[in-house]
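Data first, discussion second: the structure below is written as structure tokens.
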Amino acid sequence: MAAASLTSQTLRVPTPTSLSLSSSKLPLSSISLRSHPRRSLVVYVSSDAKPTVLVAEKLGEAGLTLLKDFANVDCSYNLSPEELCTKISLCDALIVRSGTKVSREVFESSGGRLKVVGRAGVGIDNVDLAAATEHGCLVVNAPTANTVAAAEHGIALLASMARNVAQADASIKAGKWLRNKYVGVSLVGKTLAVLGFGKVGTEVARRAKGLGMSVIAHDPYAPADRARAIGVELVSFDVAIATADFISLHMPLTPATSKMLNDETFAKMKKGVRIVNVARGGVIDEDALVRALDSGIVAQAALDVFTVEPPAKDSKLVLHELVTATPHLGASTTEAQEGVAIEIAEAVVGALKGELAATAVNAPMVPSEVLTELKPFVVLAEKLGRLAVQLVAGGSGVKSVKVTYASARAPDDLDTRLLRAMITKGLIEPISSVFVNLVNADFTAKQRGLRLTEERVILDGSPENPLEFIQVQIANVETRFAGAISDSGEVTVEGRVKDGVPHLTKVGSFEVDVSLEGSIILCRQVDQPGMIGKVGSILGEENVNVSFMSVARTAPRKHAVMAIGVDEQPRKESLKKIGDIPAIEEFVFLKF
Ligand SMILES: NC(=O)c1ccc[n+]([C@@H]2O[C@H](COP(=O)([O-])OP(=O)(O)OC[C@H]3O[C@@H](n4cnc5c(N)ncnc54)[C@H](O)[C@@H]3O)[C@@H](O)[C@H]2O)c1
Ligand SMILES: O=C(O)[C@H](O)COP(=O)(O)O
């Protein structure tokens, strides 16, 4: 299979005078996305039935109430992997916390019905993102509502570890009074290294400064000025671990962070270092931590998260007397759970309605104002893709597509990801059984060996409209309609948005103008009087309503292309009658 690639380039051309007439006259707020539910932007559910949301782990009441207003909600906790796979084929959305593995099998078992996975929390390491994307399933999370709870738990573990609170509590309950054994260490004046200076790490750092600690941080992606603003110095990983009296972990679990703390890195730490982990168990090599605790390199550890949860009952790490352990409680405050439940319910309902999610994990996030502006162009993009592919002769194999966006806007002021995804959808769906959306468009194109290149043409003029026209060209294919081949040899269609409605404005080298609202008949004929009347009366006799008609010609009495928009699909016999008109050289019926 040919490697797929998405490339782009930019050209600057003066605006032809005819282009200035094509802008939308409607205020953007009055433009609605006229699209079948199957063609919604990201995901869709059948409009005639309420969607079903499976909530597989306990979720706050406020979130459940929001979900129930919109969907049938099935709260089934503690499902086995097999039970989850069985249930999932009846669900449009799934909501989980960190305790449910959403594996490839789950997506495969859903039979294409699962459209959204909502992770009621931050970490998405329990969701197979690659499988979700391949199945066109959006994954959303709730990235902000539990930040403070996790930071507070980190600080609670830090302080209680330093003062042996958990161990002392267990001993006093066992009838002992060990005042000498549980002498702790002070926090004030000590150096805390925060590894992962994101939302939780930043809040931990802020609080630790309040406790009089000196805070350094390591995060390859965090801006130094954000750290400086709260009096934290960003340092290299090696400096952080070699300098710290306390290390607090706050990075996600990824292949790059897996077992970041291991025999080698423990050996570089200050002897007697104390470690807090409220991130993910997998960022520490747990066997290496046991060795470091036994050897005295690590004086104590406080752990909320484990590689396997729940950990084995005889886990050496959990049972170690220098370890304080909690069962993944970082996000477990009443306030955080209500917040997370609302955040995830809103994201899932929005996604099921076809809205782009602000917390999408496996799809581009497009700001809502950009989306509003692009809506009619999104419809145009998909329709041009559908039109172009229908002009290709069966068996040709669509491999190379060039998309040209003409706009007066600067390239970085026009986000084309959504348009590209919808063109891909339009190109692929009519010739396959694959459902394409914003989530899986690039993946599906790549899988099919479809190479889509993007080119920007910058027009002089007002940048008020995001786009003047979109052109789709398919190279190296046979066509069903020779009139669609441009002078440069590609199947070419071009369109604009007029008064909020997508129009086809070019076929091959012929400039036409037909609204893309119903279906289209394209005829190529010898230009001569009476053609419009002949075709019009055949359609009229068949009670087929013509919505638009447009003729373009190379020169008087030479070749012409007639584009006819029709509200109903003509019968085969009527199409044949059109084809039988002697001057008609070829015709094609195209539907969306
Ligand atoms: N224990 C709990 O209940 C609980 C609660 C909330 C969050 N968490 C976990 O805490 C972690 C952080 O959450 P967050 O909301 O702050 O996420 P975040 O995305 O805001 O921050 C993560 C930070 O880690 C950084 N990072 C990535 N790779 C790194 C590396 N190799 N070294 C150092 N830093 C690296 C990122 O740049 C980012 O700034 C996540 O793993 C999340 O799942 C746990
Ligand atoms: O990543 C997170 O948000 C936390 O680990 C919380 O996980 P939980 O929802 O399972 O408590």
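By convention here, the first residue in the shown sequence is residue 1. First listed ligand is number 1; within each ligand, the first listed atom is number 1. The structure presented is a predicted model; accordingly, all values stated were derived computationally and were not measured.
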Without swapping roles, check the side chain of Ser407 against the backbone of Pro466 for a donor-acceptor pair under 3.5 Å. yes
Does ligand 1 have an atom that lies less than 4.0 angstrom from a heavy atom of Ala222? no
Any N/O pair Asp125/ligand 1 closer than 3.5 Å: no
Enumerate the atoms of ligand 1 whose separation from the nearest heavy atom of His328 is less than 4.0 angstrom. 1 (N), 2 (C), 3 (O)
Which heavy atom of the protein is the closest neighbour of atom 5 (O) of ligand 2, given with residue, atom name and distance? His328 NE2, 2.6 Å
Going by the order shown, which atoms of ligand 1 are within less than 4.0 Å of some heavy atom of Ala279? 9 (C), 10 (O), 44 (C)
Please determine whether side chain to side chain contact (heavy atoms under 4.5 Å, CB included) holds for the pair Met213 and Phe246, giving the CA-CA distance in whole Å, both sets of side-chain angles, and the decisive distance to 0.1 Å. CA-CA 10 Å; Met213 301 186 84; Phe246 291 82; 3.6 Å; yes
Select one of side chain, backbone, both or neither to describe which atoms of Arg280 lie under 4.0 Å from any atom of ligand 2, heavy atoms only. side chain
Answer yes if the side chains of Glu286 and Thr307 hold a donor-acceptor pair under 3.5 Å, and no otherwise. yes
Have a look at ligand 2 and work out which part of Ala120, if any, has a heavy atom under 4.0 Å from it: side chain, backbone, both or neither. backbone
Using a 4.0 Å cutoff against the non-hydrogen atoms of Asp304, which atoms of ligand 1 qualify? 1 (N), 2 (C), 3 (O)
Polar proximity ligand 1 side, Met251 side, N/O cut 3.5 Å exclusive: yes
Can you tell me which portion of Phe237 lies within the under-4.0 Å heavy-atom range of ligand 1? Options are side chain, backbone, both, or neither. neither
Polar proximity ligand 1 side, Arg226 side, N/O cut 3.5 Å exclusive: no
Take atom NZ in Lys316; do more than 12 heavy atoms of anything else shown fall under 6.0 Å from it? no
May I ask you to list the atoms of ligand 1 that are less than 4.0 angstrom from any heavy atom of Phe197? 39 (O)
Just to confirm my output: which protein heavy-atom neighbour is closest to atom 3 (O) of ligand 2, and how far is it? Val122 N, 2.5 Å
Can you list the ligand 1 atoms lying under 4.0 Å from a non-hydrogen atom of Gly123? 43 (O)
Heavy-atom closest pair, residues Ala267 and Ile297: CA-CD1, 4.3 Å
Does ligand 1 come near enough to Ala331 that some N or O of the ligand is less than 3.5 Å from an N or O of the residue? yes
Proximity to ligand 2 by part of Ser98, non-hydrogen separation under 4.0 Å: both
What protein heavy atom is closest to atom 21 (O) of ligand 1, reported as residue, atom name and distance in Å? Gly198 CA, 3.3 Å
Mind listing the closest non-hydrogen atom pair of Val102 and Val106 along with its distance? CG1-CG1, 4.0 Å
Note, Leu178 side chain near Gln167 side chain (heavy atom, < 4.5 Å): no
Please could you name the atoms of ligand 1 that His250 approaches to less than 4.0 Å, counting only its heavy atoms? 11 (C), 12 (C), 22 (C), 23 (C), 24 (O)
Among the heavy atoms of Pro252, does any lie under 4.0 Å from an atom of ligand 1? yes
Residue Asp69 excluded, over 12 heavy atoms near CG under 6.0 Å: yes
Return the minimal non-hydrogen interatomic distance between Ala217 and Phe197, and the atom names on each side. CB-CD1, 3.7 Å
Region of Val305 engaging ligand 2 - heavy atom pairs below 4.0 Å: neither
Side chains of Asp304 and Thr326 only: does a donor on one sit below 3.5 Å from an acceptor on the other? yes
Give me the atom names and distance for the closest heavy-atom approach of Arg119 to Ile344. O-CD1, 3.3 Å
Given the rule in the side chain to side chain contact (heavy atoms under 4.5 Å, CB included) test, do Asp294 and His320 qualify, once you have shown the distances and angles that lead to the verdict? CA-CA 9 Å; Asp294 288 341; His320 205 290; 2.8 Å; yes
Any donor-acceptor pair under 3.5 Å linking the side-chain atoms of Ser236 with those of Asp238? no
Tell me the nearest of Val122, Val305, Val278 to atom 8 (N) of ligand 1, using heavy-atom distances. Val278
If we only count N/O pairs under 3.5 Å, is Met260 in contact with ligand 1? no
Got an N/O contact under 3.5 Å between Gly123 and ligand 2? yes
Looking only at protein heavy atoms, what sits closest to atom 36 (C) of ligand 1 is Asp219 OD2, 3.4 Å
Would you sort out whether Leu67 and Val349 count as a side chain to side chain contact (heavy atoms under 4.5 Å, CB included), showing the intermediate values? CA-CA 7 Å; Leu67 289 172; Val349 168; 4.0 Å; yes
Looking only at protein heavy atoms, identify the closest one to atom 32 (N) of ligand 1 and say how far it is in Å. Pro220 CD, 3.5 Å
Of all heavy-atom pairs linking Pro311 and Val318, the shortest is CG-CG2, 3.7 Å
Using heavy-atom distances, let me know which of Ala150, Gly121, Ala145 sits nearest atom 5 (C) of ligand 1. Ala150
Quick one: does ligand 2 sit under 4.0 Å from the side chain of Arg119, the backbone, both or neither, non-hydrogen atoms only? side chain
Note: ligand 1 atoms sitting under 4.0 Å from heavy atoms of Tyr221 are 27 (C), 28 (N), 37 (O)
What protein heavy atom sits nearest atom 11 (O) of ligand 2, and how far off is it? Arg97 NH2, 2.7 Å
Please report the closest heavy-atom contact between Val139 and Ile124, naming both atoms and the distance. CG1-CG2, 4.2 Å
Is the closest heavy-atom distance from Asn146 to ligand 1 below 4.0 Å? yes
Counting only heavy atoms from other residues, nucleotides and ligands, does the tally under 6.0 Å from NZ of Lys209 exceed 12? yes
Nitrogen or oxygen of Thr257 less than 3.5 angstrom from that of ligand 1: no
